[in-house]
Each structure stands twice: as C-alpha cells, then as structure tokens.
Amino acid sequence: ALAAQVATYAANADWADRCQITAYTGQPAVTAEAKRAYGDGKATIDIVVTGAPITGQPLTTSEENDNARTPVGTYTIKVERGTISDTAVEISDGLLTVEPYAVTLKADDFTRNVGEQNPTFTFSHERLPNREKDETVFTVWPVLTCVAKADSPVGKYAINISGAQAQNYVFSYEPGTLTVEGDGAPILGDANGDGVVNIVDVTMTISQILGQSPVGFIQETADVNVD
C-alpha cells in the first residue's frame, strides 16, 4: 500500500481548498501541529490530514498556545470533530512546540586612559518578551572579558561576551570595544602626536634629522637625540 502523503494547512475558512492528498489509503486521519517562540503571539495551528480527503473542518484548542508565557516545551493541541462529516475519520490530538526566544547580547563600548584599570563591563539587549527583567531571566549571567590590562598601550581591544543561560531563551553574542587613550602626558617617541609610537614616528624622526622638516613633526616628543 502506498504511504499517505501529508497535507498541512491552516485551520481557517479556506483550508479545504489547499488540501492536496495524492496518496490514497481510504482511511482519513486528522491531527494538528503548531510552532512558535516563547513570548510570541498565538501560533497558527495547522491541520494535518493523511490517507483520504475529509469534508468539513476540525476544531482545535490549546490553552498553552493562547498564553505567551507558556515555557519552552511541547504541549497537546486538542483536536475535535468540529464540522467533519466523515464517519470513518480517525482524529488524534496534535502537538504545539514552543521554542526558545532568540536574543543577541551586545557588550557595551567603553573608553579609559592608559594606566587605569578596566571598568566594570556591561551589556545590552533588545526588550525581552512579556516585559521580563534580566534578574528573573538569567540562570547563568553572561561573562565579559577583555585582554587589555592597566599598562596596555593605546589602542582598541575587544570586549568579549559569552556563557549566558536561561530557561526560555537562546543567546547570540556581539563583542564591544574598549578604547584605551593616552592620559594627556607626552609619549616619548610619538613624533606625530597620534598617541602611538610606530614606524611612522621613526620615519618622521629620521626625516627631521636629515633636515627635511616633515609636516606634523613634534620636536618635544620625538626624542631626536635618544636621551
């Protein structure tokens, strides 16, 4: 015998028009399925018909689908005959799947001076469903880390975030940036005053020694005589 092809369609007024069963067994069977994320609005319940066409529309109910606070998990969808006229139809309850709500946690950006300790890093995210608060959501709080130390040179450093856990959520992460700036004191060897000593400063210093007077050269910080 041929296996019945499954037809899935929304349980609304024109559902029958979209029902296409090409594998006929002579025994119609009806159930239902639905899927949504935690906190989302009510999911559309799809009717699943196998075996043979039916006449009429089944009735479906799910209290868990009506409640946006239903936790992640699987729940029964009650399926009843409704207006189905076929006497031989087999009706079985369906399944609602509530999936975790996806949230991106973004490490906040910070700026500090060379020689200072790193600030207490924080994070941000979009508004959570059901007006839930972080204090009641996280079973494990995210961890924020940065390789920059107090004596790290001027530059930009990634603030990484990871490790959050919550019953009804799944998390993705976006790093932030720690910008380390000079403390205002001249940096020895910084010939162009950009707060960083690199090959550009060396080139400018050599040009100055050769009498070429490069534009932007700062005599006071260049340490031309290497003392």
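- Across all their heavy atoms, Val79 and Ala32 have their closest contact at CG2-CB, 3.7 Å.
- Val200 is linked by a side chain to side chain contact (heavy atoms under 4.5 Å, CB included) to Asn192, Asn198, Met204, counting only residues two or more places apart in sequence or in another chain.
- Residue pairs meeting the salt bridge (Lys or Arg N to Asp or Glu O under 4.0 Å) criterion with at least one partner in residues 118-137, sequence neighbours excluded, are Arg69-Glu132.
- For Tyr75, the ring pair (Phe, Tyr, Trp, His ring centres under 6.0 Å) criterion is met by no residue, not counting sequence neighbours.
- Linking ILVMFWY residues whenever their side-chain heavy atoms come closer than 4.5 Å, directly or via other members, leaves Val49 and Leu59 in distinct clusters.
- Looking at residues two or more places apart in sequence or on another chain, you find a side chain to side chain contact (heavy atoms under 4.5 Å, CB included) between Val170 and Pro100, Ala102.
- When all heavy atoms of Cys146 and Ala158 are compared, the closest pair comes out as SG-O, 3.4 Å.
- When all heavy atoms of Leu105 and Ala164 are compared, the closest pair comes out as CD1-CB, 3.7 Å.
- A heavy-atom distance below 4.5 Å is not found between the side chains of Leu178 and Thr111.
- Atom-to-atom distance recorded for Ile77:CD1 and Thr74:OG1 is 10.5 Å, nearest 0.5 angstrom.
- Taking the ring pair (Phe, Tyr, Trp, His ring centres under 6.0 Å) definition, one finds that Phe138 meets it with Phe123, Trp141, Phe171, sequence neighbours left out.
- Atoms CG and OG1, from Leu96 and Thr70 in turn, are 7.5 Å apart once rounded to the nearest 0.5 Å.
- With hydrogens and angles disregarded, a donor-acceptor distance shorter than 3.5 Å links the side chain of Thr31 to the backbone of Ser92.
- Applying the ring pair (Phe, Tyr, Trp, His ring centres under 6.0 Å) test to Phe121 and every residue at least two apart in sequence or in another chain returns Phe110.
- In this view, Asp109 and Lys106 satisfy the salt bridge (charged side-chain N to carboxylate O under 4.0 Å, His left out) rule, not counting sequence neighbours.
- Under the rule for a side chain to side chain donor-acceptor pair (under 3.5 Å), Asn168 has no partner lying at least two apart in sequence or in another chain.
- Thr104 and Ser172 form a side-chain donor-acceptor contact under 3.5 Å, judged by distance and modelled atom types alone.
- Checked by atom type and distance alone, the side chain of Asn118 pairs as donor or acceptor with a backbone atom of Ala148 at under 3.5 Å.
- Heavy atoms only, all atoms of each residue included: Arg112 and Ala150 are closest at NH1-O, 3.9 Å.
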Q.
Pair Asn130, Tyr38 - check side-chain contact (heavy atoms from CB on, under 4.5 Å), show working.
A. CA-CA 9 Å; Asn130 303 322; Tyr38 172 77; 3.4 Å; yes

- For side-chain contact (heavy atoms from CB on, under 4.5 Å), just list the numbers for Ile54 and Val30, CA-CA rounded to whole Å, side-chain angles, deciding distance to a tenth of an Å, and then say yes or no. CA-CA 9 Å; Ile54 59 173; Val30 178; 3.7 Å; yes

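- The salt bridge (charged side-chain N to carboxylate O under 4.0 Å, His left out) check on Glu99 picks up Lys35, with sequence neighbours excluded.
- The list of side-chain hydrogen bond (donor to acceptor under 3.5 Å, both in side chains) pairs with a residue in residues 147-164, not counting sequence neighbours, reads Lys156-Thr179.
- Note that CD1 of Ile159 and CG of Asp108 are 8.0 Å apart. Values are rounded to the nearest 0.5 Å.
- Looking at heavy atoms from C-beta onward, Tyr169 lies in side-chain contact with Leu128 at the 4.5 angstrom threshold.
- Residue pairs that meet the salt bridge (Lys or Arg N to Asp or Glu O under 4.0 Å) test with at least one member in residues 47-67, sequence neighbours left out, are Lys42-Asp66.
- Leu210 is connected to Val202 through a chain of hydrophobic side-chain contacts under 4.5 Å among Ile, Leu, Val, Met, Phe, Trp and Tyr, so both are in one cluster.
- We find the CD-OG1 distance between Gln212 and Thr203 to be 10.5 Å, quoted to the nearest 0.5 Å.
- When side chains are defined from C-beta on, Val89 does not count as touching Thr87, because their heavy atoms never get closer than 4.5 Å.
- Put simply, CG on Asn65 and OG1 on Thr76 are 12.5 Å apart, with the number rounded to the nearest 0.5 Å.
- Annotation: salt bridge (Lys or Arg N to Asp or Glu O under 4.0 Å) contacts involving residues 80-94, sequence neighbours excluded, are absent.
- With Tyr173 contributing its side chain and Ala107 its backbone, the two residues share no donor-acceptor pair below 3.5 Å.
- Taking both residues in full, the closest heavy atoms of Val114 and Pro153 are given as CG2-C, 4.3 Å, listed atom of the first, atom of the second, then distance.
- Glu33 places no side-chain N or O within donor-acceptor distance of the main-chain N or O of Ile47, the cut-off being under 3.5 Å.
- Atom CD1 of Ile45 sits about 7.5 Å away from atom OG1 of Thr61, to the nearest 0.5 Å.
- At a threshold of 4.5 Å between side-chain heavy atoms, the hydrophobic network of Ile, Leu, Val, Met, Phe, Trp and Tyr places Ile199 and Ile206 in one connected group.
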